[in-house]
Protein chains: 2
Amino acid sequence: METSLNSTKSLIIKAALGIFAQKGFKGATVREICAAADQSVGAINYHFRDKQGLYEAVTQALLEELMLNTSPEPQNSSTMQPEARLHFLVTSFLKRFGMLFDGGDNGQRAIFMLREILNPSADFTRLFLSFQAWQKDYLLRIISDLTGCRPESPEVARSAISIIGQCFHFVFGRRLFGLLGMEASQAKEISKCAEHIVKFSLGGVKAVTGAKK
Amino acid sequence: METSLNSTKSLIIKAALGIFAQKGFKGATVREICAAADQSVGAINYHFRDKQGLYEAVTQALLEELMLNTSPEPQNSSTMQPEARLHFLVTSFLKRFGMLFDGGDNGQRAIFMLREILNPSADFTRLFLSFQAWQKDYLLRIISDLTGCRPESPEVARSAISIIGQCFHFVFGRRLFGLLGMEASQAKEISKCAEHIVKFSLGGVKAVTGAKK
DNA sequence: AATAAATTAAAACAAACGTTCAAAACTATT
DNA sequence: AATAGTTTTGAACGTTTGTTTTAATTTATT
């Protein structure tokens with residue numbers, strides 16, 4: 001069984017990703033997908049059993065690609081300054097999801113992902129959780145260390161939303177920025193964005209908690 | 001022509017909003033919508049011409065509801081301190097969109113809106129812009145006044161993304177927070193959230209620009 | 001109360017859809 | 001070169017979909 005990049009399976013998955021992203025599961029038709037992949041309609045039944053199986057294969061492929069860019073929590077985390085841990089967290093977030101805009105597909109993988117966040121399938125939820133869950137407590141701990149507040153306090157929880165919200169928006173906010181008339185072009189330079197988010201957030205958390213530091 | 005809240009048109013629009021939100025335009029079927037509204041399938045043709053017309057009526061109704069909660073730029077804006085202007089902007093954003101979670105529909109209007117942001121229809125884009133456009137320059141000016149930086153500078157642009165990103169996430173981020181294992185329950189208390197975002201952002205903009213103030 | 005207009009109801013239709021299947025084409029093995 | 005297994009093809013099928021249509025019912029007007 002060939003599994004090269006130009007195999008029938010790969011061609012169909014690639015085409016399906018783009019069309020699912022644009023039109024959703026119901027909106028995309030198997031004929032349309034096969035035409036885009038230059039394959040016959042029977043190929044979906046043969047390689048993926050049915051349309052649903054194809055969709056799951058697309059989800060799987062995207063999440064596996066995302067896995068490759070995933071860094072685990074660093075080993076020397078306990079010895080790192082909270083500022084450095086925050087920088088690491090923000091950078092890994094921007095890298096992991098910012099990658100979805102590379103590859104010349106005009107961000108179709110990102111749109112597919114946003115669709116899944118809006119209506120998560122079981123597969124997506126499980127896999128997404130498995131490599132994302134550690135970040136919650138990690139971030140709460142960082143803010144706690146920065147401010148001296150307890151990790152369970154509402155100020156820390158709200159600050160976490162502020163920080164994740166910034167990260168999310170620097171990556172996925174293009175659609176909204178377009179509607180608001182803003183430009184998100186600079187979101188491409190990951191290190192510059194990360195630096196901004198870290199500095200902004202350090203100032204933010206100290207402002208909301210009145211941290212002496 | 002009756003236009004009461006229990007008219008056939010209203011019943012169908014209400015039911016359609018929920019089903020469009022859950023399943024998208026293609027995923028929703030007219031039979032399903034009419035069954036939910038307890039009306040016959042012919043009603044859609046009679047009142048909205050076709051499914052597309054119904055969708056546009058739903059969009060229109062949602063945007064009109066949104067319009068009612070829209071405050072224009074305040075008259076005494078030029079005399080207000082930038083901090084007060086920021087507070088006004090954040091509060092009006094949270095009020096306007098936070099409303100989408102009220103009404104006991106479990107946020108279906110919000111999900112409908114997120115779908116439109118993901119794949120904007122022409123109607124939506126035009127109407128959304130018409131009552132949202134002023135906020136861009138207004139926000140850039142606030143940050144400029146707070147920091148002394150030029151409104152066109154990249155620091156100001158990035159700070160604007162940070163602020164809008166926070167607002168957006170405090171309102172719409174529930175889906176993502178669920179995936180991340182966070183709670184967004186406190187997002188309901190608008191004034192508390194607004195206060196947080198303003199304080200956090202004031203600290204943030206000063207940190208990234210090194211404002212003396 | 002009678003008539004006209006507007007609305008509702010449900011059956012019928014045509015188009016589009018996902019799926020199936022038998023034949024053809026291709027690959028690998030002997 | 002012959003054969004067995006794998007993959008590809010595209011027409012055919014049954015279902016679901018949006019829409020239309022015609023009759024029944026309700027509402028408004030005289």
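Each chain gets a letter, A, B and so on, in the order its sequence line appears, and its residues count up from 1.
For B/N119, the side-chain hydrogen bond (donor to acceptor under 3.5 Å, both in side chains) partners are A/R115, not counting sequence neighbours. Every residue meeting the salt bridge (Lys or Arg N to Asp or Glu O under 4.0 Å) condition with B/K23, not counting sequence neighbours, appears here in chain and number order: B/E32. For the salt bridge (Lys or Arg N to Asp or Glu O under 4.0 Å) test, residues two or more places apart in sequence or in another chain that qualify with A/R109 are A/E65, A/D105. A/S40 pairs by the side-chain hydrogen bond (donor to acceptor under 3.5 Å, both in side chains) definition with nothing, not counting sequence neighbours. Looking at residues two or more places apart in sequence or on another chain, you find no salt bridge (Lys or Arg N to Asp or Glu O under 4.0 Å) involving A/E56. Applying the side-chain hydrogen bond (donor to acceptor under 3.5 Å, both in side chains) test to B/S162 and every residue at least two apart in sequence or in another chain returns A/Q166, A/H196. The salt bridge (Lys or Arg N to Asp or Glu O under 4.0 Å) check on A/R31 picks up nothing, with sequence neighbours excluded.
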Review item, nucleotides 22-27 of chain D N/O atoms under 3.5 Å of protein N/O:
none

Revision key, fill the gap. Once base and sugar-phosphate atoms are separated, protein heavy atoms under 4.0 Å mark nucleotides 22-27 of chain C, 5' to 3', with B, S and - as ------
Exercise for review: Report, as a single string ordered 5' to 3', how protein heavy atoms within less than 4.0 Å touch nucleotides 10-21 of chain C: B base, S sugar-phosphate only, - not at all.
Suggested key: BBB----BBBB-
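Heavy-atom neighbours of B/E152 CD from other residues, nucleotides or ligands within 6.0 Å: above the threshold of 12. Other residues, nucleotides and ligands contribute only 12 or fewer heavy atoms inside 6.0 Å of the CG atom of B/D38.
Rounded to an integer number of Å, the gap from NE2 of B/H47 to P of D/dT19 is 16 Å. Between the CD1 atom of B/I19 and the C1' atom of D/dT17 there is a distance of 15 Å, rounded to whole Å. Atom-to-atom, NZ of B/K23 to P of D/dG18 comes out at 11 Å; the value is rounded to the nearest Å. Taking atom OH on B/Y46 and atom P on C/dT8, their separation rounds to 7 Å, with Å as the unit.
Judged as a ring pair (Phe, Tyr, Trp, His ring centres under 6.0 Å), the pairs with a partner in residues 99-120 of chain A (not counting sequence neighbours) are, in order, A/Y55-A/F112. Every pair tested for salt bridge (charged side-chain N to carboxylate O under 4.0 Å, His left out) that includes a residue from residues 42-54 of chain B fails, sequence neighbours excluded, so the list is empty.
Between A/Q39 and D/dT8 there is no side-chain N or O to OP1 or OP2 distance below 4.0 Å. Of the side-chain N and O atoms in B/T8, one or more sit less than 4.0 angstrom from OP1 or OP2 of C/dT8.
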